[in-house]
Number of protein chains: 2
Amino acid sequence: MPLDAREGLLRKTLTHSVAAGTVLFEQGELPTFQHVVLSGSAHLFGRSHEGREVLIEIVRPGDLVIPAAVVSQAPYLMQARVLEPSRFLLIEGDAFRAALAEEPALAQAMIDSLASQFRRMVGQIKNLKLRSAPQRVASYIVGLSRRQQAPVRVVLPYEKNLIASELGMTRESFSRTLSAMQRDGISVQGDVIVIVNRR
Amino acid sequence: MPLDAREGLLRKTLTHSVAAGTVLFEQGELPTFQHVVLSGSAHLFGRSHEGREVLIEIVRPGDLVIPAAVVSQAPYLMQARVLEPSRFLLIEGDAFRAALAEEPALAQAMIDSLASQFRRMVGQIKNLKLRSAPQRVASYIVGLSRRQQAPVRVVLPYEKNLIASELGMTRESFSRTLSAMQRDGISVQGDVIVIVNRR
DNA sequence: GTCATTCATTGATTCGTCTCAATTGTCGGA
DNA sequence: TCCGACAATTGAGACGAATCAATGAATGAC
């Protein structure tokens, strides 16, 4: 973005350091800020009427936190919770939307961000609809190994609890699946998984 | 958009009338056009390695067909199939991306489109992870009744086969669920459903 | 070091949904 | 009008995953 436009926008922002356990916003609230992850992460949970809760997405440094809600000015479909000490940039919603309309570079970045988040969601739907629990676990491990650039030794980045929830199953099922997979392909020790047979 | 920009872009487009059964593009292909639904609809299917296939989304007149793939220049994650006679506007990919960068109005429209598609996907994930099959069927019917502005009599818009697939279950389960729900809330006659007890 | 708390594992059982199979219903074509 | 093709229903059974319950391991507070 041009420097003056950027500075104008930055005047409408503040940075926020939050402790583990903080809730950035609740499902159902109207967005007032566009949150941007500077460091750490935010976990996005969906909640049902009955109160069940499921992890849907994790956003990391550089990501916008649900830009879709901010540009739509519609209620959040997820709750954002911070599970590790993190810093966020908060951009005032109106100013952000105005800047989007004025600044092509910003609009372009937003398009890219929305597109990649959309694709992640589609991938997750395909996972849920087309794969069994063990298949989801396997592809999750393979995906981890790619992201960690570790062909053999991968480390689970969160509690198994959360990972299970992200994969759409219970922690018990996740645990059982891991131990079943020890018979033909991996070995598990706490949060460390060694891939023996990648196929 | 300004008239001359629009006309410039329209020179890079063609309209396409397709018969039922046509495949617009395959999962895995690289986008060459941005398809826009003019009339009719397109059904987007995800396919697994084993060849199983599931309906993920239906796009209708005015919608872009997976703009995320076009702006990312990344392979389609879904196949687009046309199940009823329909017309599409095909915009040449490069020209479309160029126009996005040049024309703020177009960029803004793209942002809105991507945001709403993102939210639909999130809603679907919550459906899959948090609700049982009967709950999904019930909320689908209620959603239909809202969209058709018919508080009582709703008509299933597609074959039960497809609806089941969209809801992430088999046609058998869908059928069973409907008949179970006849005991406390609806009556079913072919593709017509009468809502007796909305709650 | 001990204790309480949380997280993870394991077992037994129940429940939901899929699969396979047979039957019925519906529509369009010969 | 009969027939074939396809969609939808129904039943029986198997399977997967959730639930409930108990135990074991790790973590942090004091």
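Here is the naming used below: chain letters follow the sequence lines, and residue numbers restart at 1 for every chain.
- Between the P atom of dG25(C) and the CD atom of Gln189(B) lies a distance of 13 Å, rounded to the nearest Å.
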Footprint string (nucleotides 5-11 of chain C, 5' to 3'): B base within contact, S backbone only, - free, heavy atoms under 4.0 Å: --SSSBB
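- End-to-end axis angle of the helix from dG1(C)-dC30(D) to dT17(C)-dA14(D), using five pairs per end and rounding to 10°, comes to 20°.
- For Tyr158(A), the ring pair (Phe, Tyr, Trp, His ring centres under 6.0 Å) partners are His43(A), not counting sequence neighbours.
- Residues in residues 113-131 of chain B take part in these salt bridge (charged side-chain N to carboxylate O under 4.0 Å, His left out) pairs, two or more places apart or across chains: Glu57(B)-Arg120(B), Asp63(B)-Arg120(B).
- Sequence neighbours left out, not one pair with a member in residues 172-182 of chain B passes salt bridge (charged side-chain N to carboxylate O under 4.0 Å, His left out).
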Step by step, work out the side chain to side chain donor-acceptor pair (under 3.5 Å) result for Arg147(B) and Gln149(B). CA-CA 5 Å; Arg147(B) 267 187 288 149; Gln149(B) 302 180 327; over 6 Å; no
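- Here chain B contacts DNA chain D (any atom closer than 4.0 Å to a heavy atom, that is under 4.0 Å), and the contacts span dA8(D) to dA12(D) from 5' to 3'.
- Every pair passing salt bridge (charged side-chain N to carboxylate O under 4.0 Å, His left out) that includes a residue from residues 7-31 of chain A is listed here, sequence neighbours excluded: Glu26(A)-Arg47(A).
- At least one side-chain heavy atom of Gln148(A) sits under 4.5 Å from a side-chain heavy atom of Val155(A).
- Between Val59(A) and Ile66(A), the closest side-chain pair of non-hydrogen atoms is not below 4.5 Å.
- Put simply, the side chain of Ile111(B) reaches to within 4.5 Å of the side chain of Ile111(A), judged on heavy atoms.
- Terminal axes of the helix from dT19(C)-dA12(D) to dA30(C)-dT1(D) (five pairs each, C1' rotation axis) are separated by 10°, to the nearest 10°.
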Check residues 91-103 of chain A and write down every donor-acceptor pair under 3.5 Å in which the side-chain atom is one partner and the other belongs to a residue at least two apart or another chain.
{"residue": "Glu92(A)", "atom": "OE2", "partner": "Asp94(A)", "partner atom": "N", "Å": "3.2"}
{"residue": "Asp94(A)", "atom": "OD1", "partner": "Arg97(A)", "partner atom": "NH2", "Å": "2.7"}
{"residue": "Arg97(A)", "atom": "NH1", "partner": "Val70(A)", "partner atom": "O", "Å": "2.8"}
{"residue": "Arg97(A)", "atom": "NH2", "partner": "Gln73(A)", "partner atom": "OE1", "Å": "3.3"}

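- Residues passing the side chain to side chain donor-acceptor pair (under 3.5 Å) test with Tyr76(A), sequence neighbours excluded: none.
- Sorted by first then second residue, the salt bridge (charged side-chain N to carboxylate O under 4.0 Å, His left out) pairs that include residues 189-199 of chain B, not counting sequence neighbours, number zero.
- The list of side chain to side chain donor-acceptor pair (under 3.5 Å) pairs with a residue in residues 32-41 of chain B, not counting sequence neighbours, reads Ser41(B)-Glu84(B).
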